[in-house]
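Everything below concerns the one structure shown next.
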Amino acid sequence: MHRKLHQRWRFGKTPTTPAEAQFRALGPGAALWLQEAGESGVGQVSAKMTDAVALAKLHGLDAVDRALGTVATVERFADGDLMAILAHQVEHDDAGPTRPGEQHSLQPGTSARSVFGSTG
């Protein structure tokens with residue numbers, strides 16, 4: 001008899017356990033997480049859902065739901081990924097998108113060309 005290494009979870013629209021209902025109550029990010037985790041064959045789903053609900057009690061529903069949506073979008077389901085993304089988003093919540101300035105460019109400047117054509 002062969003066993004599958006990763007069980008593909010199938011989550012319907014309606015929660016099947018009280019723990020899943022609590023998790024889904026976090027918001028649309030949680031629903032997306034369930035869908036992507038199920039399709040990816042993520043292990044320890046129940047434990048990860050429980051951890052997310054506990055984090056929501058500490059950091060708030062909106063913050064954890066946003067982090068779950070990000071985790072699902074970038075498909076980072078390893079242990080600790082939710083907490084790492086949540087911590088980053090909490091720390092950088094008010095920061096808008098940034099673009100590196102000229103001082104961070106990898107392109108060399110043109111000052112080296114100034115020696116060409118000079119007599120000296």
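This is a predicted model, so every value here is computed, not measured.
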So do the side chains of Glu36 and Val71 get within less than 4.5 Å of each other, counting heavy atoms only? no
Which atom pair, heavy atoms only, marks the closest approach of Leu61 to Leu26? CD2-CD2, 3.2 Å
Test of understanding: with ring-ring contact (aromatic ring centres under 6.0 Å, His included), list the residues that count as partners of His88, not counting sequence neighbours. His92
Distance-minimising heavy-atom pair for Arg76 and Asp81: NH2-OD1, 3.0 Å
Applying side-chain contact (heavy atoms from CB on, under 4.5 Å), can you list everything that pairs with Gln22, at least two apart in sequence or on another chain? Val53
For Leu86 and Ala63, the nearest pair of non-hydrogen atoms, with its separation, is CD1-O, 3.6 Å
Run Gln44 and Asp79 through side-chain contact (heavy atoms from CB on, under 4.5 Å) and show every step you take. CA-CA 9 Å; Gln44 302 175 334; Asp79 292 338; 3.7 Å; yes
Side-chain contact, heavy-atom cut-off 4.5 Å: Val45 with Phe77? no
Any donor-acceptor pair under 3.5 Å linking the side-chain atoms of Glu75 with those of Ser40? no
Side-chain touch Leu55/Met83, heavy atoms, less than 4.5 angstrom: yes
Sequence neighbours left out, what pairs pass side-chain hydrogen bond (donor to acceptor under 3.5 Å, both in side chains) with at least one residue falling in residues 50-66? Arg66-Asp93
Check Gly69 against Leu32 and note the closest heavy-atom contact, atom names and distance. O-CD2, 4.0 Å
Beyond-backbone contact of Trp33 with Met49, side-chain heavy atoms, under 4.5 angstrom: yes
